[in-house]
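Input: a single structure, listed below in structure tokens.
Because only heavy atoms are used, hydrogens play no part in the values below, and waters and symmetry mates are left out as well, while side chains stay in.
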Amino acid sequence: MMRLPPLPASLWRDQVPEVEAVPLKGDCRCDVAIVGGGYAGLHAALALAEAGEDVVLAEAGWVGTGGSGRNGGVVSAKFRRGFDDLARLHGIDMSRRMHDIAHESVDHLIETLGRLGIEDADFTANGQLKCAHSQAAFDHLRAQSRWQADTFGTAPARLLDAAEVEGETGSPGFVGGLLQEEGGTIRPLAYLAGLWRGARRKGIALHAGTPITELIEEAGRVRLRHPGGEIVADRVLLATNAYSWLTPAGATLARSLVPFRSAMVATAPLSEAASAKFLSASRSYTETRRMMRWFRKIDGRIVFGGRGALGAVESPAAYRRLEKALVGIFPDLDGVAIDYRWSGQVALTFDGLPHAGRLSDRVFYAGGFNGAGVAMSGYVGDRIGRMMHGERVDLGLIARESVPRVPFYPLRAIGVRAATFGSEIMDAIGR
């Protein structure tokens, strides 16, 4: 019997009323079946329904079980791979297209919030400050900013010195930073709940607690079996991302992704003086270490997250490491109470870019957002939905003719642990 991950006891879940959703019972027929009820699946469903398609969406768990209900709510216009790196590998024109896609994804999120009337998600377009932990890292940020401004003709991001970064963050541990105006912060589960409500108003059949246990392609149709019956569809989208391993139906997509656990903690509400001192601009913040930590302030609390919480289950040791890192960056928060601890899985890809395309003539897929998917996953879901309806879309390097395979996939857990250990060593020696 399939065992779903439990709903996280997160800060976000205490802020959002339970979303009404019921399992699918019996058989049904539709134009398009979507497997996965996160940002990508819901945006695809909306695009298809608005084009006149009859859509049924099946989510294995309850609303917010996967990454869309667990993430940190950082909205960014970026990929895990830098645009200078993409230019070196694929040329300036393709790098420029990927730069445009990254910014289009944020615009698409903002447009969706307005179109669907999602007000409680509290999106704030306050940008992101990348904090340099060393002089070499700061020099690299400066070089990247200059390259991007010279290449794309954009205004350079603003460099902040150590005193300016300390003044805004309250942390004395950084040598400088790069303030990027794009993106912002959002309440991620409220955003997801708003998408569910908007999709329901469009007449889309939404079913939680409906795992797809088998996918069978036949002449002219696809059959999807679930515990209560069967869905018969003309076309199918797999939008299961880091949780593709949960059911046999996602096995092909799962082999292209490496699930990597990301953990978060949220402090108790800070005192008025501490809230004024730490993260005064209330934007999102990241650091430049290989085992990158990120942080933001919301409702007077600091939410602090990072990767490296290995394994398929919650790890008390991972939270202890995270809380130690929190105090390392903010020494004055030593002894602060932690009210929430939760984690979820991020889908990493071998090339650091999302993947979207076809598994066959009738089965499509989207996934691999590498921990930067709050805006990008919805954008890609929308575009792949349009593609399934017959529109021409340009997803640049995200579009794939087939599913990329992770080399030595059975050894992925060992590889993740080795890479994590190596990154921690390099960070410890200041490299």
Side-chain angles (χ1 to χ4, degrees), residues 7-20 37-40 42-43 46 63-78 102-129 168-170 179-201 262 264-270 272 274-276 278-286 294-305 339-340 342 344 369 371-379 381-382:
L7 291 171
S10 68
L11 171 63
W12 317 130
R13 189 155 294 280
D14 278 357
Q15 297 173 339
V16 178
E18 193 72 28
V19 178
E20 181 182 349
Y39 301 144
L42 286 161
H43 274 283
L46 285 163
V63 179
T65 296
S68 295
R70 298 172 184 262
N71 67 82
V74 176
V75 178
S76 57
K78 67 176 185 180
H103 288 78
E104 287 168 13
S105 73
V106 176
D107 292 342
H108 174 257
L109 181 147
I110 295 169
E111 183 274 331
T112 298
L113 295 173
R115 179 166 51 88
L116 297 183
I118 304 174
E119 298 179 353
D120 59 344
D122 291 343
F123 172 71
T124 306
N126 48 9
Q128 181 180 79
L129 178 58
E168 179 170 329
T169 65
L179 178 57
Q180 299 167 304
E181 302 293 345
E182 305 92 346
T185 55
I186 200 168
R187 297 181 190 267
L189 185 57
Y191 173 41
L192 180 68
L195 291 174
W196 274 76
R197 293 193 301 267
R200 186 178 291 115
R201 289 196 300 270
S262 182
M264 282 150 276
V265 298
T267 69
L270 304 178
E272 186 174 339
S275 185
F278 297 109
L279 312 186
S280 58
S282 294
R283 62 177 108 249
S284 70
Y285 302 83
T286 60
W294 62 267
F295 30 99
R296 60 177 293 199
K297 188 170 66 179
I298 185 168
D299 300 336
R301 307 172 186 269
I302 290 181
V303 179
F304 189 89
D339 279 357
Y340 297 92
W342 74 98
F369 297 103
V374 176
M376 186 58 63
S377 61
Y379 175 86
D382 175 86

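- Residues passing the ring pair (Phe, Tyr, Trp, His ring centres under 6.0 Å) test with F123: none are found, sequence neighbours excluded.
- Taking every heavy atom of both residues into account, D339 and A268 meet most closely at OD2-CA, 3.3 Å.
- Across S282 and K297, no two heavy atoms sit closer than the pair OG-CE, 3.5 Å.
- Every residue two or more places apart in sequence or in another chain that forms a side-chain contact (heavy atoms from CB on, under 4.5 Å) with V265 is listed here: F304, Y319, L322, E323, I338, R341.
- Partners of H103 by side chain to side chain donor-acceptor pair (under 3.5 Å), not counting sequence neighbours, listed by chain and number: E182.
- Partners of S68 according to the side-chain contact (heavy atoms from CB on, under 4.5 Å) rule, which considers only residues two or more places apart in sequence or in another chain, are Y39, L192.
- Separating the CZ atom in R197 from the CG atom in L116 is a distance of 9.5 Å, to the nearest 0.5 Å.
- Contact between P8 and G64 at its shortest, heavy atoms only, is CD-O, 4.2 Å.
- Relative ring orientation between W342 and W12 is described as perpendicular, the plane-to-plane angle rising above 60° on a 0-90° scale split at 30° and 60°.
- R301 approaches P269 most closely through the heavy-atom pair NH1-CD, 3.4 Å.
- In this structure, E119 has no salt bridge (Lys or Arg N to Asp or Glu O under 4.0 Å) partners at least two apart in sequence or on a different chain.
- Counting heavy atoms from C-beta on, the side chains of V303 and W294 come closer than 4.5 Å.
- Residues satisfying the side-chain contact (heavy atoms from CB on, under 4.5 Å) criterion with T124, sequence neighbours excluded, are N126, T185.
- With R296 contributing its side chain and I186 its backbone, the two residues share a donor-acceptor pair below 3.5 Å.
- Under the side chain to side chain donor-acceptor pair (under 3.5 Å) criterion, D120 pairs with no residue at all, not counting sequence neighbours.
- Contact check for Y379 versus D107: no side-chain heavy atoms found under the 4.5 Å cut-off.
- Applying the salt bridge (Lys or Arg N to Asp or Glu O under 4.0 Å) criterion to E104, with sequence neighbours excluded, gives R97.
- Remark: side-chain polar atoms of R283 are not paired, donor with acceptor, to backbone N or O of Q128 under 3.5 angstrom.
- Partners of A199 according to the side-chain contact (heavy atoms from CB on, under 4.5 Å) rule, which considers only residues two or more places apart in sequence or in another chain, are L42, L46, I204, L206.
- For the atom pair CZ of F369 and CG of N71, the computed distance is 12.5 Å after rounding to the nearest 0.5 Å.
- Between I110 and V75, the closest side-chain pair of non-hydrogen atoms is not below 4.5 Å.
- Remark: the backbone N or O of S262 is not paired with any side-chain donor or acceptor of R70 at under 3.5 angstrom.
- For R13, the side chain to side chain donor-acceptor pair (under 3.5 Å) test picks out no residue, with sequence neighbours left out.
- Looking at residues two or more places apart in sequence or on another chain, you find a salt bridge (Lys or Arg N to Asp or Glu O under 4.0 Å) between R187 and D122, D299.
- When every heavy atom of A190 is checked against every heavy atom of A121, the shortest pair comes out as CB-CA, 3.9 Å.
- In this structure, CG in L129 is found 8.0 Å from CZ in F295, a value given to the nearest 0.5 Å.
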Begin from the C-alpha positions of H108 and H43 and carry the test side chain to side chain contact (heavy atoms under 4.5 Å, CB included) through to its verdict. CA-CA 10 Å; H108 174 257; H43 274 283; 3.2 Å; yes

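- Using a 4.5 Å heavy-atom threshold, the side chains of L7 and T65 count as touching.
- The pair E20-R200 fails the salt-bridge criterion, with no side-chain N (NZ, NE, NH1 or NH2) lying under 4.0 Å from an Asp/Glu carboxylate O.
- Residues that satisfy the ring pair (Phe, Tyr, Trp, His ring centres under 6.0 Å) test with Y340, not counting sequence neighbours, are absent from this structure.
- For the atom pair CG (L279) and CD1 (I302), the distance works out to 4.5 Å, reported to the nearest 0.5 Å.
- Of the possible polar contacts, none joining the S275 side chain to the E272 backbone as a donor-acceptor pair under 3.5 Å is found.
- Remark: side-chain polar atoms of S280 are not paired, donor with acceptor, to backbone N or O of A276 under 3.5 angstrom.
- Scanning both residues, L109 and V374, for their nearest heavy atoms gives CD1-O, 3.8 Å.
- For the atom pair CD1 of I298 and OG of S284, the computed distance is 12.0 Å after rounding to the nearest 0.5 Å.
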